[in-house]
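So the structure is just underneath, and the comments pick up after that.
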Amino acid sequence: MIVIKFPDNSVKEFKRGVSSLEIAESISPGLAREVYASTVNGDVRDLSRPVNEDSSIIFHKWEDKEAKHAFWHTSAHLMASALEALYPGIKFGIGPSVENGFYYDVDPGDGVVISEADFPSIEDKMRELAKDNNKMERIEISKADAMKLFQEKGDEYKTELISELEDGTISLYKLGAFTDLCRGPHMPDTEKIKAIKLLSVAGAYWRGDEKRKMMTRIYGITFPKQKLMDEYLAMLEEAKKRDHRRIGRELELFAFSQKVGMGLPLWLSRGADLRQRLIDFLTAELKRRDYNIVSTPHIGNVELYKISGHYEKYGAASFQPMNTPQEGEQFMLKPMNCPHHCEIYNATSHSYKDLPIRMAEFGTVYRYEQHGELHGLTRVRSFTQDDAHHFCEPDQMKEEFKNVIDLVQWVFKSLNFNDYKAQISLRDPNNKEKYIGNDENWEKAERAIIEAADEKGLDTTVVEGEAAFYGPKLDFMVRDAIGREWQLGTIQVDYNLPERFDMTYIGTDNQKHRPVMLHRAIFGSLERFVALLIESTAGKFPLWLSPDQVIILPISEKYYHYSKKVLNFLNNSDIRTLIDERNEKIGKKIRDNELKRIPYLLIIGEKEEKSSTVSVRKQGEGDKGVMKLEDFVDFIKEEIKNELG
RNA sequence: GCCUCUUUAGCUCAGCCGGUAGAGCAGCUCAUUCGUAAUGAGCAGGUCGCGGGUUCGAGUCCCGUGAGAGGCUCCA
């Protein structure tokens, strides 16, 4: 007999070799029905695997990610099984579970295309196979035998994966006629897979290498209940409504034009206003924080980028240099502001007493992003960075990091932007030759970032190998409406440019020293920031930022005269106010302006005119009652004051 | 750049097996002058992304190309 310990610390004896599922059944059949995977002594395992020694056990119900992963991983096998039945000769790459569902990378063979039109037949086959209550059978064999098996099958992708595994036992999972190399864990069978939907097909390079074959990746999702599927699909629909490309068009914030060119955003007046408001907001804070605002041209001599090293690294993938009427001179659209800023630093001499110098610019840069990469405002070819560079002594680096983290936290908080992640990117310790700079400097910089984040109470994840080639960095990432992560704010250490531009300051010893340079952005790019702000607020901006703050809705023409007086009064009080003079009923005006997400609607009719009041309605909240006009101004000013802390 | 799909009115979309286009919203006009999420009627709006081809005839089929979507790769 063996002793099994449960999460509540109770213990129970079972016969050796009992499965997790049997343990669950012994507690209650209800639990057994709801459990999808188990963690035995810290390892997530199939429910059907035998437990052979005294163990602690945790059961995973649907709420746990371990359960979902087993569920979706098994679903991936189910899909593969269906594909194998429908597409003879199809070969399989990898098929993992992901955050929402699963995918499988397959090679259906030359000339065979799987497209969305094929989904219904694949889904039907999956349903058919799932219903047969197919058992998931775990098979353990030697590496050599596994190799032989997949060689006979002619699946070069699996044999490649096997050849990289360590010698010893390899696990396979067999589902009906489909056997796959797989570590598991899986559900015991496919009985619980009740709702099935394939979502999309996409190309994906084998092993993420663009030089290798493009596989067909099929994404799908499954649930144990149709209700969960319906909820998930409804959630996706809701997310689409928050898409900044859609809201940007609806609210007339920005547009794109084929004639102007792809990836080149056009800010319409309302969007440009909002963008400018963000710039003013940040500029005021930068001045309080001892930044110097500078301004530099949109182009630079190609020699500048040869000095910075960017030409060598990115020149071929950039907008190409433009020529002057005279021969021999070439200029590039600036892809970043830092080389210009380095030359501003070098325009005057510096002593240690000047440092740190914080140089900021809202600089518009141009990058030739690959065609397939462009996406709304989040990935464009022309964008404005809220860029700044801190030039400091090496010992000041940590303090500067803390300053920037503090600024990011303050800005994000002011904008009610709470759902962000901080990621520290360090160099890959096994691949140091990818980076420039000596070990000592790298270690110093990495330590400074980690300590600064720690001292600011910033919750970070650390990723090795993601550093820029010139230094480690700290990025602030935010998710968009459909769950993709985008980088907004960033702080990066750079030992490279001070060297290349031969930047110096005079130290206390009267000798020349090399400053350290930090690159930093808070919004990242205004385009991307506005996009994510739109998606996080669904277009309902904070009052201070909203393109229009108030709209006046006269009940009828009779009240236009008083309405215009109110309009002038509010606009003179610096409240951005519109008037809806369309010949429509009040219900229609309310509806339309609610949909335009204007924060306050003022209804004006006979009562209001007689009493010099306005009837206030807040977007999304409804009627707020009647107020004296002057009181309404104070009310709005108070709300804005509170928003800006 | 690569894979799959999409591209029809300002927007959202319909248009079957090929027989030269249709709805709702928005816009404009008229009537209505209205109290908290859609008043009614009428009008106007399209070389069906662009260029070729097949055909008696192409929005529809084929080829090329532009743009968009979802991924992959990339992201100073």
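Side chains are part of it too, since the values below use all heavy atoms of this structure and drop only hydrogens, waters and symmetry mates. Every value quoted in this text rests on a predicted model; they were computed, and no experiment measured them. In what follows, chains are A, B, ... by sequence order, proteins preceding strands, each numbered from 1.
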Review point. Between A/F469 (CZ) and B/C74 (P), how many Å, whole number?
Key: 16 Å
Review point. Base, sugar-phosphate, or nothing for A/H519, non-hydrogen atoms under 4.0 angstrom?
Key: nothing
Review point. Is A/I586 touching bases, backbone alone, or none of the nucleic acid, heavy atoms closer than 4.0 Å?
Key: sugar-phosphate
Study note, to complete from the structure: By the Watson-Crick or G-U definition, both distances under 3.5 Å, B/U60 is matched with none
Review point. Within this structure, what is the CZ-to-C1' distance between A/R212 and B/C72, rounded to whole angstrom?
Key: 15 Å
Practice item. Provide the distance between the two C1' atoms, one in B/A31 and one in B/A67, to the nearest whole Å. Key: 44 Å
Review point. Do A/Y314 and the base of B/A76 stack face to face, with centres under 5.5 Å apart and an angle between planes under 30°?
Key: yes
Check your understanding: Would you say A/H371 reaches B/C74's phosphate, i.e. side-chain N/O to OP1/OP2 under 4.0 Å?
Key -> no
Practice item. State whether the number of non-hydrogen atoms from other residues, nucleotides or ligands found under 6.0 Å of A/K240 atom NZ is greater than 12. Key: no
Check your understanding: Does A/R379 get its side chain close enough to the base of B/C74, under 3.5 Å, for a donor-acceptor pair?
Key -> yes
Revision key, fill the gap. Result for 5'-nearest mapping on RNA chain B, choosing between A/R528 and A/V113, is A/V113
Point to revise | Opposite nucleotide pairing with B/A31, Watson-Crick or G-U, both atom distances under 3.5 Å | key: B/U39
Point to revise | For the student: nearest non-hydrogen atoms of A/G524 and A/D386, plus distance | key: N-OD1, 3.0 Å
Exercise for review: Report the nucleotide, chosen from B/C3, B/A69, B/U36, that has the shortest atom-to-atom distance to any side-chain atom of A/I590.
Suggested key: B/U36
**Study point:** hbond_proxy A/S615 side chain to B/U36 base (donor-acceptor, 3.5 Å cutoff)
**Key:** yes
**Study point:** B/U36 to B/C50 separation - P atoms, rounded to the nearest Å
**Key:** 48 Å
Practice item. Would you classify A/K589 as touching base, sugar-phosphate or nothing, given that sugar-phosphate means primed atoms plus P, OP1 and OP2, and contacts are heavy atoms under 4.0 Å? Key: nothing
Review point. Rounding to the closest angstrom, what is the interatomic distance between B/G49 and B/U6 at atom C1'?
Key: 12 Å
Review point. How are the rings of A/F391 and A/H389 set relative to one another: parallel (under 30°), tilted (30 to 60°) or perpendicular (over 60°)?
Key: tilted
Practice item. In whole angstrom, give me the gap between the P atoms of B/G64 and B/A69. Key: 23 Å
Check your understanding: Distance only, no hydrogens: is a donor on one side chain within 3.5 Å (strictly under) of an acceptor on the other, for A/K607 and A/S615?
Key -> no
Review point. Would you say B/A37 has OP1 or OP2 under 4.0 Å from some side-chain N or O of A/R617?
Key: yes
Review point. If you check every side-chain atom of A/Q258, which of B/A69, B/C3, B/A67 has the closest atom?
Key: B/A67
Point to revise | C1' spacing across the pair B/C48 / B/C13, given as an integer number of angstrom | key: 14 Å
Check your understanding: Considering only the P atoms, how many Å lie between B/G27 and B/G10, rounded to the nearest integer?
Key -> 15 Å
**Study point:** Near-ring test A/Y366/A/F319, centroid separation under 6.0 angstrom
**Key:** no
Point to revise | Base B/C3 paired with A/R217 side chain (donor-acceptor, <3.5 Å) | key: no
Point to revise | B/A14 versus B/G59 - spacing of their C1' atoms, nearest Å | key: 12 Å
Study note, to complete from the structure: By nearest-heavy-atom nucleotide on RNA chain B, the more 5' of A/M336 and A/Y219 is A/Y219
Study note, to complete from the structure: By the Watson-Crick or G-U definition, both distances under 3.5 Å, B/G46 is matched with none
Revision key, fill the gap. Taking a pair to mean Watson-Crick or G-U wobble geometry with both distances below 3.5 Å, B/G68 pairs with B/C5
Review point. Is there a salt bridge (charged side-chain N to carboxylate O under 4.0 Å, His left out) between A/R484 and A/E535 once you walk through the steps?
Key: CA-CA 12 Å; A/R484 283 179 293 212; A/E535 301 202 351; over 6 Å; no
**Study point:** Base partner of B/G24, which must satisfy Watson-Crick or wobble distances under 3.5 Å
**Key:** B/C11
Review point. With distance as the sole criterion, do the side chain of A/E369 and the base of B/G1 form a donor-acceptor contact below 3.5 Å?
Key: no
Point to revise | Protein-nucleotide distance (A/E621, atom CD; B/U36, atom P), rounded to Å | key: 19 Å
Check your understanding: Just checking A/K558: base, sugar-phosphate only, or nothing, at a heavy-atom cut-off of under 4.0 Å?
Key -> sugar-phosphate
**Study point:** A/E99 atom CD, over 12 foreign heavy atoms within 6.0 Å
**Key:** no
Review point. Does B/C72 fall in syn (glycosidic angle within 90° of 0) or anti?
Key: anti
Exercise for review: Under 4.0 Å between any heavy atoms, over every strand shown, what does A/A204 touch: base, sugar-phosphate, or nothing? Just pick one.
Suggested key: sugar-phosphate
**Study point:** Assigned partner base of B/G18, Watson-Crick or wobble definition, under 3.5 Å
**Key:** none
Check your understanding: Would you say a side-chain N or O of A/Y205 is under 4.0 Å from OP1 or OP2 of B/C2?
Key -> no
Exercise for review: Measure from the side chain of A/E557, starting at C-beta and using heavy atoms only, and say which of B/G35, B/U33, B/G71 lies closest.
Suggested key: B/U33
Point to revise | C1' gap between B/G18 and B/U54, integer Å | key: 11 Å
Point to revise | Short side-chain N/O contact to B/A26 OP1/OP2 from A/K588, under 4.0 Å | key: yes
**Study point:** Contact under 4.0 Å: A/R484 side-chain N or O vs B/G70 OP1/OP2
**Key:** yes
Check your understanding: Between A/Y368 and A/R381, is there a cation-pi geometry (under 6.0 Å to ring centre, at most 45° from the normal)?
Key -> yes
Study note, to complete from the structure: To the nearest angstrom, the CG-P distance between A/D243 and B/G70 comes to 7 Å
